[in-house]
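Along the sequence shown, residues carry numbers from 1. Values below: every heavy atom of this structure, side chains too, minus hydrogens, waters and symmetry copies.
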Amino acid sequence: MIDAYTLEQCRKDEEVLQLKIKNLEHAIQQSEAMIAESNMDGDALTFLRRKVAESMQDLEVLYLLKSD
């Protein structure tokens, strides 16, 4: 989840918002690649999938900020 300070900075500065979006998109892509190629145990995969889902929710919030 995005902390309040980061969210406020994204509201104030378009460059910060763009950077945060770009970083989250990259992290999601890399995590999904790790999941697809992985031989991890079930618990580790579950943890990674949960983190991807949380990052996607954060990304959606940032997209909403961007569209305002």
Side-chain angles (χ1 to χ4, degrees):
M1 185 83 188
I2 298 176
D3 62 280
Y5 177 77
T6 302
L7 199 55
E8 186 60 34
Q9 294 306 307
C10 287
R11 283 188 183 120
K12 289 181 181 179
D13 190 342
E14 180 72 24
E15 189 175 337
V16 172
L17 176 61
Q18 285 300 113
L19 213 73
K20 187 68 176 170
I21 288 172
K22 189 175 182 179
N23 285 341
L24 275 173
E25 288 173 340
H26 180 73
I28 290 169
Q29 289 173 353
Q30 292 300 308
S31 296
E32 288 175 341
M34 284 175 58
I35 290 169
E37 299 171 358
S38 179
N39 291 328
M40 289 186 234
D41 65 15
D43 289 339
L45 283 173
T46 299
F47 175 80
L48 192 53
R49 286 185 181 121
R50 187 176 304 121
K51 288 297 183 184
V52 168
E54 289 172 6
S55 294
M56 287 179 154
Q57 288 177 343
D58 290 345
L59 193 55
E60 289 176 15
V61 169
L62 294 176
Y63 283 150
L64 287 173
L65 279 178
K66 185 178 177 181
S67 67
D68 285 343

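Every side-chain contact (heavy atoms from CB on, under 4.5 Å) that Asp43 has, sequence neighbours left out, goes to Asp41. Listed by chain and residue number, Asp3 satisfy the side chain to side chain donor-acceptor pair (under 3.5 Å) test with Thr6 (two or more places apart in sequence, or in another chain). Residues passing the side chain to side chain donor-acceptor pair (under 3.5 Å) test with Gln29, sequence neighbours excluded: none. The salt bridge (Lys or Arg N to Asp or Glu O under 4.0 Å) search around Glu8 returns Arg11, not counting sequence neighbours. Evaluation of the side chain to side chain donor-acceptor pair (under 3.5 Å) rule for Asn39 yields no partner, not counting sequence neighbours. In this structure, Arg49 has no salt bridge (Lys or Arg N to Asp or Glu O under 4.0 Å) partners at least two apart in sequence or on a different chain. With sequence neighbours excluded, the residues that form a side-chain contact (heavy atoms from CB on, under 4.5 Å) with Gln9 are Tyr5, Lys12, Val16. Residues passing the salt bridge (Lys or Arg N to Asp or Glu O under 4.0 Å) test with Lys51, sequence neighbours excluded: Glu54.
Using a 4.5 Å heavy-atom cutoff, the side chains of Gln18 and Lys66 are in contact.
The NZ atom of Lys22 sits 9.5 Å away from atom CD of Glu25, with the distance rounded to the nearest 0.5 Å. Once rounded to the nearest 0.5 Å, the distance linking OG of Ser55 with CE of Met1 reads 12.0 Å.
Alongside Ile35, the hydrophobic cluster contains Ile2, Leu7, Leu17, Ile21, Leu24, Ile28, Met34, Met40, Leu45, Leu48, Val52, Met56, Leu59, Val61, Leu62, Tyr63, Leu65 (criterion: ILVMFWY side chains under 4.5 Å).
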